[in-house]
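The structure under discussion appears below in the form of structure tokens.
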Amino acid sequence: MTLRRLGFLPAVLLTAAALTACSAQSVEADDPKPSASGTTAPSGAPGGAPEGDGLTLADAIKKIPVAEEKRAGYERDSFKHWVDEDGDGCPTRQEVLIAEAVTAPEQGARCTLSGGSWLSYYDEAEVTDARKLDIDHMVPLAEAWDSGAYDWTPERREAYANDLDAERSLVAVTAKTNRSKADRDPAAWMPPAASATCTYLVDWTATKLRWRLAADEAEQAALLELAEPCTDSTVEYEPAA
């Protein structure tokens, strides 16, 4: 059972606005959900405040191995995604939508969802139609391939593409921001909302560390530069099995 399935994440969503620190599974960021200087999380933002202290964001970035990217051989189908892991009729996409809803949607046959509301933290947009949301892989599949997943088994790639055990590996955001991001790393793309900067960097860094993915030199340099204002942001992560 994942944290999402156990229902911990929705509870965090409802209380995040009252916290003075914001974080994710394996991630703690002392910025609003999010903000560059950081204090609280807007209502409905995914994430929570785990116990314990983590690495500073800068130190966590420095723990990501630096290596050249290898794109040769990449195909999106190399990552089987949106599977129904538990056989309950709800594939990964619906699991994330249910978990991250600010207002819970009604669930129909074959896990069809109606109603509900969500907050897309990339652009601070409130969304009331699930069809307008994409489930973003925090580190895109192509970027994951480039950064080490080219050497994984198909089973590990599937686990990565459907990672419900870390709250921030997958995030519901507006389709337009997800498609604007595409497969770019933070050296080439950042969320349009300035308030998203620190949390996005924490989430990206934690995901790379969780899955033991590398960064190229340009990515590392960009991460460190972008993280300079995020002095109160910290990162915690649990390595994937």
Side-chain angles (χ1 to χ4, degrees), residues 2-4 9 13 22-27 29 33-34 41-42 44-47 74 76-83 85 90-102 105 113 116-127 129-147 149 157-211 213 215 219 222-223 226 237 240:
T2 68
L3 291 180
R4 294 180 188 275
L9 184 55
L13 297 180
C22 153
S23 70
Q25 161 75 16
S26 336
V27 174
K33 189 56 171 147
Y74 169 73
R76 186 171 175 81
D77 289 344
S78 297
F79 296 81
K80 184 178 181 181
H81 52 287
W82 307 161
V83 301
E85 180 182 358
C90 291
T92 301
R93 172 181 164 81
Q94 273 82 351
E95 295 280 13
V96 177
L97 289 170
I98 292 168
E100 296 195 355
V102 178
L113 305 180
S117 65
W118 293 264
L119 175 65
S120 168
Y121 91 80
Y122 287 4
D123 51 359
E124 297 182 335
E126 295 183 10
V127 180
D129 183 350
R131 293 172 297 180
K132 296 182 179 180
L133 292 165
D134 280 355
I135 306 305
D136 183 33
H137 292 91
M138 177 55 56
V139 175
L141 300 181
E143 169 68 20
W145 176 277
D146 298 350
S147 305
R157 291 187 198 121
E158 180 177 331
Y160 176 83
N162 299 276
D163 186 10
L164 293 171
D165 291 323
E167 296 171 11
R168 305 323 305 266
S169 292
L170 301 168
V171 58
V173 296
T174 54
K176 65 180 181 180
T177 54
N178 183 47
R179 294 167 196 183
S180 171
K181 171 181 174 177
D183 63 358
R184 293 184 288 178
D185 67 32
W189 188 90
M190 286 290 291
S195 62
T197 296
C198 293
T199 296
Y200 187 78
L201 295 173
V202 167
D203 294 347
W204 180 279
T205 301
T207 302
K208 284 243 164 168
L209 290 171
R210 170 170 167 76
W211 288 93
L213 294 169
E219 178 186 341
L223 287 169
L226 290 164
Y237 65 95

Closest non-hydrogen atom pair, [X] against [Y]:
{"X": "Ala161", "Y": "Leu141", "result": "CB-CD2, 4.2 Å"}
{"X": "Trp82", "Y": "Pro91", "result": "O-CB, 3.4 Å"}
{"X": "Pro192", "Y": "Thr177", "result": "CG-CG2, 4.1 Å"}
{"X": "Tyr121", "Y": "Met138", "result": "OH-CE, 3.9 Å"}
{"X": "Ile98", "Y": "Cys90", "result": "CD1-SG, 4.4 Å"}
{"X": "Leu164", "Y": "Thr92", "result": "CD2-CG2, 4.0 Å"}

Note to self: Quick check: do Lys208 and Tyr237 have side-chain heavy atoms less than 4.5 Å from each other?
What the structure shows: no

Check: Heavy-atom distance under 4.5 Å between the side chains of Leu213 and Tyr160, does that happen here?
Finding: yes

Note to self: Please determine whether side-chain contact (heavy atoms from CB on, under 4.5 Å) holds for the pair Leu223 and Leu201, giving the CA-CA distance in whole Å, both sets of side-chain angles, and the decisive distance to 0.1 Å.
What the structure shows: CA-CA 7 Å; Leu223 287 169; Leu201 295 173; 3.7 Å; yes

Would you say the side-chain atoms of [X] and [Y] include a donor-acceptor pair closer than 3.5 Å?
{"X": "Thr174", "Y": "Lys132", "value": "no"}
{"X": "Tyr122", "Y": "Asp136", "value": "yes"}
{"X": "Ser180", "Y": "Trp189", "value": "yes"}

Before accepting this row, confirm whether a basic side-chain N of the pair [X]/[Y] lies closer than 4.0 Å to the acidic partner's carboxylate O.
{"X": "Asp134", "Y": "Lys176", "answer": "no"}
{"X": "Glu219", "Y": "Arg184", "answer": "no"}
{"X": "Lys181", "Y": "Glu143", "answer": "no"}

Next item on the list: Identify, with sequence neighbours excluded, every residue that meets side chain to side chain contact (heavy atoms under 4.5 Å, CB included) alongside Glu158.
Entry: Lys80, Val83, Asn162

Would you say [X]'s side chain and [Y]'s backbone share a donor-acceptor pair under 3.5 angstrom?
{"X": "Trp118", "Y": "Leu97", "result": "yes"}
{"X": "Glu100", "Y": "Ala172", "result": "yes"}
{"X": "Thr199", "Y": "Ala196", "result": "no"}

Check: Which value, rounded to the nearest 0.5 Å, describes the distance between Asp203 atom CG and Leu170 atom CG?
Finding: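 It is 11.5 Å, given to the nearest 0.5 Å.
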
Next item on the list: Could you walk me through whether Ser169 and Trp211 pass the side-chain contact (heavy atoms from CB on, under 4.5 Å) test, one step at a time?
Entry: CA-CA 10 Å; Ser169 292; Trp211 288 93; 4.1 Å; yes

Item checked: Candidates Arg168, His137, His81, Arg210 - the one meeting side-chain hydrogen bond (donor to acceptor under 3.5 Å, both in side chains) with Asp163 -> Arg210

